[in-house]
Amino acid sequence: MTETATGSANSRVVIVGGGHNGLVCAAYLARAGRKVLVLEAADQVGGAAVTREFAPGFRVSSGAHLLHVLDPVVARDLGLASHGLSFARSGLDTVALADGEPLVLNGAEVRSGTVSAADRATLAEYVARQRRYAAVLARQHGRIPAPWSLAKFAFDIRRLGRADMRELLRVGTMPLYDLLEDRFESAQLKGALALDGVLGAKLGPRSGQTFFTSLQRAGAYALPRGGMGTVTGALAVAARAAGAEIRVSSPVAKLAVAGDRMAGVVLASGEEIAADIVVSNADPKTTFLELLGAQHLDAEFARRVLHFRTLGCAAKLHLALDGVPEFRGVPAARLGERLIVAPDLGYVEAAFNPAKYHEFSPAPVLEITIPSVHDAGLAPAGKHVLSAVVQYAPYDLAEGWDTGRARFLAATLDALARFAPTLRRQILNAELLTPVDLEREFRITGGHWHHGELALDQFMMLRPVPGAAQYATPVGGLFLCGAGAHPGGGVMGSAGRNAARAVLTGSRA
Amino acid sequence: MTIPREHYLQAVFPTPFHPRTSAANTLNAWHRWRDYTVADAYFDVALEYTALRNACTVFDLSPMTKHLVTGPDALAFMNRLVTRDVAKLKPGRVGYTVWCDDAGQVVDDGTIFHLRDHVYRLCSQERQLDWLLGSALGFDVSITEETHDVAALALQGPTSCAVLKRLGLAGIETLAPFGIRGYAFEGGDLTVSRTGFTGDLGYELWIDPELAVPLWDRLFDVGRVVGVKPMGTFALEMSRIEAGFIQAGVDFLPADRAIRADRTRSPFELDLEWLVDFKKGPFTGRRALLEEKARGSRYRLVKLDVEGNKPAKDAFIYDRRRRNIGVVTSSMWSPAAKSNIALASVQMPYGTPGDELWAEIYYQKELKWSRFMARCTVVEGAFYNPPRRRVQPAADC
Ligand SMILES: Cc1cc2nc3c(=O)[nH]c(=O)nc-3n(C[C@H](O)[C@H](O)[C@H](O)COP(=O)(O)OP(=O)(O)OC[C@H]3O[C@@H](n4cnc5c(N)ncnc54)[C@H](O)[C@@H]3O)c2cc1C
């Protein structure tokens, strides 16, 4: 079938979901003259990139909390700065907490801590190389995967030069553990670098591919003023300015199909909205198996969607603090940096192990921000908010999260107490969002950071599954634009932008 | 399940009819059909075939893979599975069909028995439970394999209806082709369908394995005067080629077993376009088949009348310029059609009636091999298609 999926220029495009990718897609399509309607289920746009009050007077980025992969082309094209995006702080240091002196890193530079000269030199080389590789990867992010994409990818790799190419081929699918053990001496440094390969993933440092996943974290960390909601708020302003209409509190219950083409959507309220083109920001399982229905799909395709790995493993901790917290060895001036609990490789791997058996980490790894240090508006005067990604919290916890939640919270607070012994006394309010809670709050199947594990077997033309990897899907007029599509999650905007291009060019899977 | 859990002690089983089939098998000739052993032949392949076309025969069908699909979404499930419109199949009717993978390549063929509302039996050549369960996502259905729970016989041939009348199946002659009817039999249920794999008048009898032996005995008791004989797989194979029926693993490779992309066939490429209904709504392979329809197929299944009397076994097919354009998949000298027949898969656009095609035939006489090129004529319809197969009411004496 060669029917094009572009629809006519004045036909309506409905975007299901106003996460950052849905908003990016809406803005680009509206700028191209399309009539766009965004339908968001939640009472505010932003998806997993939002700011919300979790305790009276305390606001936090309740999903993503650090901006570090936003596609600069998207930011520039959509004029996010002029639509309200500003930063409380950029270029955060990473402070690797320790029983003794913390290690402070910023990219290739060791700002403080006990690290040998050899390690420092290796780090500079390691980070420079990671950045070159990440740049190659970033180039793929902006492309709609196609049969020739691998060739382009290969060409980009070749252009790195012989040495870099050889090294990439050698380490491309390697566990980060082996790589770090090979190169570095400092246990603390290795622990800190290991975190880059496992955050958001159901992987430990000894898992294959963690070198690959670590490349997603080569960017600089920033805290948007007002939390992540400011980023998506600015995207919404940009989309509206371009002419898109956005409706919140409008969950879509069904996609309407007529003769193997999109006919529109049906809201949970029963309202029917006609559209030739529907772009889904919801995750692939929600989109295909719930909103569309497997019966509209070929059996093998539906099964592939079912087998898309979506079990989230990251939880989110929010603390309302009665005062400035103290972390061992961290001067007040560094409290607002990115603090991590990943003291050594063994600790991180040991934290992961229980997840394989449906248990949470008794001693979890953490990525902590205290954004109120730079952004006073987030907490009442003199008080602070702490936001942390906590791993590992397998979605499919054997005991279930109803009882597991409180026990995991206790384990997490214990892990924190090791580095911040007085913190517990300052807690006014604690909220722990397990993957099951994240699934409910953000409507992401499995509560997965990337809407589905980001791994080489779910990457590029394999993401989310063959047959839907070019944003177009087997059903005419239905497109994907969320993190489940190439190039995956993180507040990046590339999936939304690529999807808009796919809609405009009418490319089909 | 009648299969004991000690499957590692015995992997292949006697069928429920084995006490009788083994007694009848004067040749002691057996082969394996999935989980069971069945007879190649009982006394003489040619005579068994002759009995089929001139009187009637009983064939032990029990190893045929059978699935039961039930539940509120049974119809929706079946319709998404197969290429035909199952909604048109009324309760009490049987339909032949194929099903495809996403790429529109045939996974298997088989028959759907619409036993009653929301209850379908799917008989297939291959085991399909995995495929069926894999297709069930999003449907409220229950799917079980019931191969071992249902014993079956094919009673085929011109006097088959007469045998069933003598068995006391009142009104059986009014059962239309592809119809299903239930009868009481020795305290149990006997399901009779006017179906078969021989292209002749015939019936398939479905019964509880406990009643298998009594059914066999009664059929031979009452059938003796009209010449009922047991028939093995070899004679069945002859009859199905004459009928022009294809067989999985012989005339096409089930798509889920293929490793190489060009080894599989679509329904169009198996001359089964009549089974594909694009209007009924979504089914697995629909999009690919629509594309194939627009783009054109790669192959065509043809029926060939081959010059001479040497079966064109596994013969390559050539065009007039001696370019290899296909291969024979099934072949035989047909006693009923009195011609040398073959099924072949040829590249498009070859194989239209009137095409000049040649088969390269190897044959042996007293261990000496020879080869010759035989001219082939493309024929349409079954090679052997007696009116009695369709006549209503069926001849009952
Ligand atoms: C705990 C956690 C921490 C993270 N930390 C970071 C971080 O620090 N930095 C970073 O860059 N990334 C981080 N991420 C990843 C990032 O948040 C996501 O990858 C990203 O937000 C995905 O964006 P999206 O627009 O593709 O999808 P989403 O943000 O999931 O948006 C999808 C939207 O669709 C809506 N929707 C779904 N179904 C329907 C329906 N039926 N009808 C209407 N609307 C519907 C949802 O409500 C949602 O608003 C984190 C993720 C998690 C879970």
Side-chain angles (χ1 to χ4, degrees), chain A residues 1-5 147 253-263 278 282-310 445-446 461-462 464-470 472-479 506-509, chain B residues 69 71-83 86-87 98-108 128-141 143 254-256 258 261 264 266 276-296:
Chain A
M1 221 172 8
T2 46
E3 55 192 2
T4 62
K254 274 273 152 227
L255 302 182
V257 183
D260 208 23
R261 277 205 60 93
M262 273 299 114
V278 176
D283 69 85
K285 280 188 186 167
T286 302
T287 303
F288 288 120
L289 304 182
E290 279 175 42
L291 301 181
L292 179 68
Q295 60 277 12
H296 290 286
L297 298 163
D298 285 348
E300 290 177 294
F301 179 89
R303 226 176 314 154
R304 282 202 293 271
V305 172
L306 182 72
H307 293 157
F308 183 53
R309 301 200 306 284
T310 53
T445 307
M461 51 276 271
L462 301 176
V465 294
Q470 286 86 33
T473 71
V475 179
L478 176 62
F479 292 78
S507 83
R508 268 183 67 89
Chain B
V69 178
D73 286 346
L75 170 60
F77 168 81
M78 293 300 292
N79 243 344
R80 160 27 160 58
L81 176 75
V82 305
T83 56
V86 184
V98 288
W99 48 102
C100 296
D101 65 5
D102 287 16
Q105 303 300 295
V106 176
V107 172
D108 204 354
Q128 292 295 335
L129 189 61
D130 183 55
W131 186 265
L132 299 182
L133 293 174
S135 298
L137 178 65
F139 293 92
D140 185 0
V141 283
I143 300 166
D256 54 346
T264 60
S266 76
V276 181
D277 188 336
F278 286 123
K279 292 198 209 80
K280 68 164 180 165
F283 62 88
T284 299
R286 180 178 185 273
R287 296 180 185 101
L289 290 173
L290 274 172
E291 270 173 35
E292 181 181 335
K293 219 167 152 43
R295 169 175 34 90

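Model, not experiment: these values are computed from the prediction. Naming convention: chains lettered A, B, ... in sequence-line order (proteins, then strands); numbering from 1 in each chain.
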Seminar exercise, completed: Heavy atoms of A299(A) and S135(B) approach each other most closely as CB-OG, 3.4 Å
Exercise. Of all heavy-atom pairs between D260(A) and R287(B), which one has the smallest distance, and what is that distance?
Worked result: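 The pair with the smallest heavy-atom distance is OD1-NH2, 2.8 Å.
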Problem set entry | Contacting region of F283(B) [heavy-atom separation from chain A under 4.5 Å] | backbone
Exercise. Any sub-3.5 Å donor-acceptor pair from R80(B)'s side-chain atoms to L297(A)'s backbone N or O?
Worked result: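 Side chain of R80(B) to backbone of L297(A): a pair is present.
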Exercise. For the candidates A136(B), A76(B), P282(B), which exhibits the highest count of non-hydrogen atom pairs separated by less than 4.5 Å from chain A?
Worked result: P282(B)
Seminar exercise, completed: dist T284(B):OG1 -> R303(A):CZ (nearest 0.5 Å) comes out at 8.5 Å
